[in-house]
Amino acid sequence: VTTGQVCPPSISRAKFDREVEAFRNLEAFHRQNGRLLVRAEFPVVELLFLTPHAQPRLALFAVRVDFTNYDVDPPSLRFIDIFSGGVLNIEEIGEGLLRLPPETDAAVLTLAREGKVPWPAANMVQGYPGQPAFLCMPGIREYHENPGHTGDSWLLHRCSGEGRLHHIATTISRYGTDPVVGLGARFQVNIVAERREVPA
Amino acid sequence: MSTTNSTAAAAKPPKSNKITINFVVNGDPEAAEANLNAPLKAAVQKALAQSENESQPLENWIVTKEEGSDALDLEQKVETFGFPDGVTLIVSLKAGVLG
């Protein structure tokens, strides 16, 4: 992954325009599924994600997808505050995008459905403490730049459909907003010993 | 002769065993003809080839009637789904490996 625009800007712009046009051609479909394009100005697209199955509608995520140097480089994705545009750190994301690992044991799934154990979900939103959150998925610049994925070059994914705006948007819906069906409350009671004082 | 003509007029044309499916492949529309007696995967593979999305194996794609609905069984014959001609199906790429 390179830094900055080294690919001819006209190429990145043409590919950016194609991604935005494809998204807009399916605008009604995306809107129906809670995805709104709020800004498209080369090289940046901003999307807002709402919950299509929850009342009241909840705006759970907003993302900024940066197509600088696309598609020599994959697009960069940051979670943002839709009001200020500021980039969100990992602590500010909430639950993130939860996904079952493909090798999840069937018995564990049964127990999770019965509410006896927590869902054995992995979070696709990752980040270091105090640092911007990122979407840990092939086709996203931050994934390929991560030292843990040096063996999984973007060039192995470049023509695979990954990194496309539609794929990014539908993945965030699938694991982030689509499963949400309403608001809930969670309480935790800790039983502790009452002490007079802590002895020296 | 007249009997032959009236028989021919009464006979209905054979029901077509093909329909057109309007696939949306990773965001791009792609229509493909589907044989009702063939498994759905044949039409999906045709749509993937037409849209130049063959670099991912078929098992990396999810085909649904609506977004978020259960994935369709690609081994089933097209006729088992009861699709009308011109139905729209969503072909989505699965998210890659977990980091």
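Residue numbers begin at 1 in each chain, while the letters A, B, ... track the order of the sequences. Because only heavy atoms are used, hydrogens play no part in the values below, and waters and symmetry mates are left out as well, while side chains stay in. Being a predicted model, the structure only gives us computed values, none of them experimental.
- Residue Phe23(A) does not touch chain B at all, counting heavy-atom pairs closer than 4.5 Å.
- Contact annotation for Thr171(A): only side-chain heavy atoms (C-beta onward) come within less than 4.5 Å of a heavy atom of chain B.
- Within a 6.0 Å sphere centred on CD of Glu95(A), other residues, nucleotides and ligands contribute 12 heavy atoms or fewer.
- Put simply, OG on Ser69(B) and CG on Asp178(A) are 9.5 Å apart, with the number rounded to the nearest 0.5 Å.
- Following chains of ILVMFWY side-chain contacts shorter than 4.5 Å, one cannot reach Leu72(B) starting from Val24(B), and the two form parts of different hydrophobic clusters.
- A distance-only check finds a donor-acceptor pair linking the side chain of His167(A) to the backbone of Leu93(B) [under 3.5 Å].
- Residues Phe134(A) and Leu88(A) are members of separate hydrophobic clusters, defined by side-chain heavy-atom contacts under 4.5 angstrom among Ile, Leu, Val, Met, Phe, Trp and Tyr.
- With a threshold of 4.5 angstrom between heavy atoms, Val25(B) does not approach chain A through any atom at all.
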| Worked verdict on Asn60(B) versus Glu162(A) for side chain to side chain contact (heavy atoms under 4.5 Å, CB included) | CA-CA 11 Å; Asn60(B) 283 3; Glu162(A) 291 165 308; over 6 Å; no
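- Considering every non-hydrogen atom in both Gly96(B) and Met137(A), the closest pair reads N-CG, 4.2 Å.
- Note: the hydrophobic cluster containing Leu98(A) does not contain Leu135(A) (ILVMFWY, side chain heavy atoms under 4.5 Å, direct or indirect links).
- Transitive grouping of hydrophobic side chains (ILVMFWY, heavy atoms separated by less than 4.5 Å) keeps Phe83(A) and Ile80(A) in distinct clusters.
- Under the 4.5 Å side-chain heavy-atom criterion for ILVMFWY residues, no single connected hydrophobic cluster contains both Leu183(A) and Val181(A).
- Residue Met124(A) comes nearest to Ala95(B) through the heavy atom pair CE-CB, 3.9 Å, listed as atom of the first residue, atom of the second, then distance.
- Interface remark: of the candidates Glu52(B), Glu67(B), Gln56(B), Glu54(B), Glu67(B) forms the most heavy-atom pairs closer than 4.5 Å to chain A.
- A pairwise comparison of heavy atoms in Ser160(A) and Ser55(B) identifies CA-OG, 3.2 Å as the closest pair.
- Within 6.0 Å of CZ in Arg31(A) there are 12 or fewer heavy atoms belonging to other residues, nucleotides or ligands.
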| query | Going through the checks in order, is the side chain to side chain contact (heavy atoms under 4.5 Å, CB included) test met by Phe29(A) and Thr88(B)? | reply | CA-CA 11 Å; Phe29(A) 165 75; Thr88(B) 298; over 6 Å; no
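- At least one side-chain heavy atom of Arg174(A) sits less than 4.5 Å from a side-chain heavy atom of Ile62(B).
- Around atom CD of Glu194(A), no more than 12 heavy atoms belonging to other residues, nucleotides or ligands sit under 6.0 Å away.
- If you tally non-hydrogen atom pairs under 4.5 Å between each of Asn33(A), Thr170(A), Leu26(A) and chain B, the highest count goes to Asn33(A).
- Atom CD of Glu66(B) is surrounded by 12 or fewer heavy atoms from other residues, nucleotides or ligands within 6.0 Å.
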| said: Before you tell me yes or no, could you show the steps for Asp28(B) and Arg18(A) under salt bridge (Lys or Arg N to Asp or Glu O under 4.0 Å), namely the whole-Å CA-CA distance, both residues' side-chain angles and the distance that decides it to 0.1 Å? | reply: CA-CA 10 Å; Asp28(B) 294 323; Arg18(A) 187 191 66 181; over 6 Å; no
